[in-house]
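Take a look at the structure set out below.
Lettering follows sequence order; numbering is per chain, from 1.
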Protein chains: 2
Amino acid sequence: MSSQTVATVERAADVLVRFAEAGTSTLGVTELADSLGMSKAAVHRVLASLRSRGLVELDEDSRRYSLGLTAMRLGLAYLDRIDIRRLAAPELAGLSARTTETATLSIRTGLNRVYIDQVKPPREVIMAVSLGVPYPLHAGGSSKAFLAFLPEVEIDSYLSAPLDPLTPATVTDPERLRTELALIRRRGYAMSISERQRGAASVAAPILDHHSLPAAVISVCGPAERFIGEADACAAALLEATDRLSARLGHRA
Amino acid sequence: MSSQTVATVERAADVLVRFAEAGTSTLGVTELADSLGMSKAAVHRVLASLRSRGLVELDEDSRRYSLGLTAMRLGLAYLDRIDIRRLAAPELAGLSARTTETATLSIRTGLNRVYIDQVKPPREVIMAVSLGVPYPLHAGGSSKAFLAFLPEVEIDSYLSAPLDPLTPATVTDPERLRTELALIRRRGYAMSISERQRGAASVAAPILDHHSLPAAVISVCGPAERFIGEADACAAALLEATDRLSARLGHRA
DNA sequence: AAACCTAATTCCAATAATTGGAACAACCGG
DNA sequence: CCGGTTGTTCCAATTATTGGAATTAGGTTT
């Protein structure tokens, strides 16, 4: 079939991905070699090559590597193509400021959903999401907000496959989920407590386009204990924001 | 001497960079091959490899390639891991050297702001700040530089609470302050004479992140009497430094 | 200060993997 | 229905990658 690929490039890509996965900001040659099962020499050469293109940077003093400016350019170039992000950015900032919680923006990629932006409030204990990581459409506020506003056919098709739980609180029974989706449509927003991420809670609502389909979803989220008390106020602010954005995409109420 | 590198990896990196340069558009195999002087076969294999790691995506219909989710994750990982203090340290040193005054770095913590670093010039009479002490957002150069570049909602909310004076020169009238914030945004930097600290003067400008929100503020400050004459020159050097740093945080002018 | 450890870098011959031209297939517009 | 384009696959030639070992650099302990 089609595995017409270049192993060297894949290994170089693996090195890059390692930087994104690793919790630490810098990595050493040996560290990378061990975790990827490559020889130190190979890793070193790959790093030198990536460095020549600015994808990674070398701290001459510590002899450790980190992601470089070019890596950032790639990420921002990707995000540039998504103009909903530009449109929503000020609303995210406003929401986060008004609620003093984290505001996020997600888009759909097939049967998944990824965060593509977030604005965090300037306080100590906050919730922070991982941008770019795919999550299923049935667990968590943002996911359910997407699912609820998809065409019926797509909902049926999604619910016909088994639903894996991400936490003990994830709803995996299709009929219970269906009932909840109806509620979400009626209220206009979804709510979740620990469904996707333990200890996290959120309210989420879609930005609807001129077909009344969700172009993106905005959520306001925070640590569950604190957030539950704020949820109603957050939902109100959230719906104001998504209404404005939906209007800009040509949606009529 | 020899740059111990892997040509294949460098070419793969060139392909990726092409996507960042091309910005919003998608790219085809031939297009890439021509512009990079590579064979179509080589480009195709590289793309297949990058695709296997999610760095690029293929639109099956148009058979054209674009950057993928992993590219975004790399960019955001870069942004996440930036240690603003380390990044700014050389610029602080440079600024202090060029101006022969003190250069400081501040971050925000909610409704306050704290100095987290400073570089003092080697002369007798200088200004020195206290690291880690919280100051309000309306008094002094660094504070106003933060406030001016916050989302409107946050400015409104901040100005709706009473503003206490720290010195006789502190501006406490919300409307006068609002006018000044507009000036700061226009000029790109804030100036203060004795607003926070009697006898002290400063110019300050924000380091803006990819949301155009202030990640930190740099100031150049000194004893008021002497500093006032140097302020313009200091402001010019300051803006050069903050522009460079903002660029590293993904801010585009 | 010296010795010792660990990590990073360079060297080199073996060889496994990349390469590019050309053939093939898929697509588009006329 | 048919040329013109673009994307994909094949295959033998050969080039560039590879990994082990040697070397250098840095940092820490004795």
Numerically ordered, the residues 29-36 of chain B set in heavy-atom contact under 4.0 Å with DNA chain D is V29(B), T30(B)

Taking the side chain as every heavy atom from C-beta outward, state whether S106(A) and V114(A) have any pair of such atoms under 4.5 Å apart. no

How would you list all residue pairs meeting salt bridge (charged side-chain N to carboxylate O under 4.0 Å, His left out) that involve residues 23-45 of chain A, not counting sequence neighbours? E31(A)-R64(A)

R51(A)/E10(B) under salt bridge (Lys or Arg N to Asp or Glu O under 4.0 Å): CA gap, chis, key distance, verdict: CA-CA 9 Å; R51(A) 193 152 89 91; E10(B) 292 184 340; over 6 Å; no

Taking the side chain as every heavy atom from C-beta outward, state whether Y65(A) and E57(A) have any atom pair closer than 4.5 Å. no

Mind checking whether Y158(A) and H138(A) have parallel, tilted or perpendicular rings, split at 30° and 60°? tilted

Measure the angle between the two terminal helix axes of the helix from dA1(C)-dT30(D) to dG30(C)-dC1(D), five base pairs each, and quote it to 10°. 50°

Please give me every residue in residues 56-63 of chain B whose heavy atoms get under 4.0 Å of an atom in DNA chain D, ordered by residue number. R63(B)

Distance in Å, L67(B) CG paired with L74(A) CG, rounded so as to fall on 0.5 Å steps: 6.0 Å

Think R81(A) forms a cation-pi with Y78(A), using NZ or CZ under 6.0 Å from the six-ring centre and within 45 degrees of its axis? yes

Taking only the side-chain nitrogens and oxygens of Y65(A), find out if one of them lies under 4.0 Å from OP1 or OP2 of dA7(C). no

Where the side chain of R248(B) meets the backbone of L245(B), is there a donor-acceptor pair that is under 3.5 Å apart? no

Compute both the distance and the angle, then confirm whether R185(A) meets the cation-pi test with F149(A): under 6.0 Å from the six-membered ring centre, within 45 degrees of the axis. no

dT9(C) C1' sits how many Å from L47(A) CG, rounded? 12 Å

Euclidean distance, S202(A) OG relative to E195(A) CD, rounded to 0.5 Å: 8.0 Å

For dA8(C), take OP1 and OP2 only and decide whether either is under 4.0 Å from a side-chain N or O of H44(A). no

Run the side chain to side chain donor-acceptor pair (under 3.5 Å) check on S219(A) and T104(A) step by step: do they pass? CA-CA 5 Å; S219(A) 83; T104(A) 77; 2.6 Å; yes

Sugar-phosphate means primed atoms, P, OP1 and OP2; the rest is base. With that split, encode nucleotides 15-23 of chain D 5' to 3' as B, S or - using protein heavy atoms under 4.0 Å. --SBBB---

Residues which pass salt bridge (charged side-chain N to carboxylate O under 4.0 Å, His left out) with D14(A), listed by chain and number, not counting sequence neighbours: R53(B)

For L27(A) and dA7(C), what is the distance between atoms CG and C1' respectively, to the nearest whole Å? 14 Å

Quick check against the 3.5 Å criterion: does T102(B) have a side-chain atom that pairs as donor or acceptor with the backbone of G222(B)? no

